[in-house]
Asker: 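Right, I'll just put the structure down here and ask away after.
Throughout, protein chains are lettered first and strands after them, A, B, ... in sequence-line order, and every chain is numbered starting at 1.
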Amino acid sequence: MQTHRPASSGQAGPLCLAFRGLMTIRTRFAPSPTGYLHIGGVRTALFNWLLARRHGGQFVLRIDDTDRERHVDQAVEKILDGFRWIGIDWDEGPQIGGSSGPYYQSQRGDHYRRAVERLIASGHVYRDYTTEAQRSAAKKAAERDKRAYRFRKVPLSDHELAQYEAEGRPYALRFQVPLGRTLVLADQIKGDVSFATEEIGDFVIVRPDGAPLYNFASVVDDVDMKITHIVRAEEHLSNTFPQLLVFEALGATLPVFAHIPYVAEPGSRAKMSKRKIADYEKQGVLVYLHQYIERGYLPEAVMNYLSRLGWSYDDSQEIFTRQELIEKFSLDRVNSSPASHDQDKLFWVQGEWMKTIPLDQKVAGVIPFLAQEGLISSEPKPDERSRIEAVVQALGDRLKIYSDILKLGRFFFADAIVHDPDAVKKRLRKEGVAAMLGELETLLHETDPFDVGTLEKAVHEFAEKTGRKMGDVVNPLRVAVTGQGVGPGLYDCLAILGRETCLARLQQTRALLAEPGAA
RNA sequence: GGCCCCGUCGUCUAGCCUGGUCCAGGACACAUGCCUUUCACGCAUGCAACACGGGUUCGAAUCCCGUCGGGGUCACCA
């Protein structure tokens, strides 16, 4: 169900136009370089990117690496590769820089320090000398009493303060939350959300070791980078309220917030969980972008699918080009309830996109998969290339993702024929089939030229002359030369395979049928 | 447990703000039929939902309240 948004919340109102005249829209995505890009993350980035592109603004990429230094480079590179592949380009960020850099949080220490100084000067922040033991005792007590745990400032005498300082006792910096206020967030997707400051504990903004924490660092960055629209996952909705306080304390203009619902696991409304990723994969469901790339999905298709996961334009359009998405995307048509990942739908969208891909491009897309399996050379010669082209052409719409070439077209490239047991059982283990294959061998030996038209005519005449139904000729012949029960048109298969291969495979198949009891 | 968000076919969604045109529309998946040498494509048909309970109203998917369910948050993680 779509919640009602205030009239001013849409992208198209007169109020908005006035607003846009004053400043350009700047959005951002801030991934942690911890691993691969999850499709939920890609969707969040996509919505940010689309919003920026829609309004001629900028999309900023910022690496959220606050307390990790280890081998971030490789992880960042993988994330950037993913964005480049799908076509999400960034105006500022890693590798290209920009006027609000650096774009790695680990390199923004000066910015955080300056902001901290301001907050100390304005009295928003205080030193917390409590120990881990004290806090965990308080948390346990809260849990036992079934209360929420909230840290509040413990008044210290001047004497204590002086003593702790003299001791060099470590302290964290906390934000002192003003009590008795109700914060109202005008979220573009969730609508107005109110939150009492009593519900927010004094939160740490800087750890004793000097590391800034998320609720503080991200606000400082967003202010510095002049981010106007924060579009992020709804798990941050509650975090927004402490952040609102930081924006206010910094004297910054509030950005527009939009919290998008989480991506649920397939067939359910439960949130996708990292722990269950192995289970999803067991069921054949992929959750990382790179897995779709590796299987030969098209970037247009993945973008199209992801855009529709939680967003719709109207009651009928499913297929959108990148340009259409940029023209039609708006936050007010983002759904406020979770969407679950539907790989079948992605597969269908992929199929629709594959239909639009020109032959040359399909051939190029398929080559890496064949080369990887050693079925062709990685730099195919012209004759090899024209063969691939013929196969891709014959495969037609059956080729949904590039890696399908291995499933559907392997027999065109492999030397030995591999018989599918089910197909053999269904089409070949029948009275008289072996003998018929012998006759067909003779027929193919004589058919000349060995092209689609001639072959088709020859097989038709054969069926007519011998009084057989076409299906009873064609199906066994297909299995005999391809090993498969399904595939492109038979005459395409025969012509591409060529006379020599067809005859050799017919012999192999007959030999197989002669073996007693073999499958 | 407190607080916050969310709940329309199995799934993505339209409709909700501005109650009647909705015995709820489209798409994926599934089933059946047609096309067809197989499969795929295409075409046609079918299956299938307003979480539940109250209230307001002549009339509720739509407004209000409650219940249940899902999620988030309550970290010196992000």
Asker: Considering only side-chain heavy atoms of Val486(A), which listed nucleotide, A78(B), U37(B), C39(B), is closest?
Answerer: C39(B)
Asker: Please work out if Glu234(A) contacts a base, only the sugar-phosphate, or nothing of the nucleic acid, heavy-atom cut-off 4.0 Å.
Answerer: sugar-phosphate
Asker: In this structure, is the centre-to-centre distance between the rings of Phe241(A) and His236(A) below 6.0 Å?
Answerer: no
Asker: Is any side-chain nitrogen or oxygen of Lys355(A) closer than 4.0 Å to OP1 or OP2 of G42(B)?
Answerer: yes
Asker: With a non-hydrogen cut-off below 4.0 angstrom, is Glu352(A) in contact with a base, only sugar-phosphate, or nothing?
Answerer: sugar-phosphate
Asker: Is Asn239(A) touching bases, backbone alone, or none of the nucleic acid, heavy atoms closer than 4.0 Å?
Answerer: base
Asker: Confirm from the modelled atom types if Arg150(A) and C74(B) form a donor-acceptor pair under 3.5 Å, side chain to base only.
Answerer: no
Asker: Counting heavy atoms from C-beta on, name the nucleotide in U8(B), U38(B), C4(B) closest to the side chain of Leu237(A).
Answerer: C4(B)
Asker: Looking at His341(A) versus Tyr305(A), is the centre-to-centre ring distance below 6.0 Å?
Answerer: yes
Asker: For Tyr491(A), report the nucleic acid contact type (base, sugar-phosphate, nothing); a contact means any heavy atom under 4.0 Å.
Answerer: base
Asker: Once you apply a heavy-atom cut-off of 4.0 Å, does Phe195(A) come out as touching a base, just sugar-phosphate, or nothing?
Answerer: sugar-phosphate
Asker: Look at the side chain of Val193(A) and decide which nucleotide, out of U37(B), A14(B), C4(B), has an atom nearest to it.
Answerer: C4(B)
Asker: Could you check whether the rings of Phe320(A) and Tyr313(A) sit parallel, tilted or perpendicular, using 30° and 60° as the cut-offs?
Answerer: perpendicular
Asker: Can you confirm whether Phe47(A) sits close enough to Thr44(A) that some side-chain heavy atom of one is under 4.5 Å from a side-chain heavy atom of the other?
Answerer: no
Asker: If the P atom of G42(B) is compared with that of U62(B), how far apart are they to the nearest Å?
Answerer: 37 Å
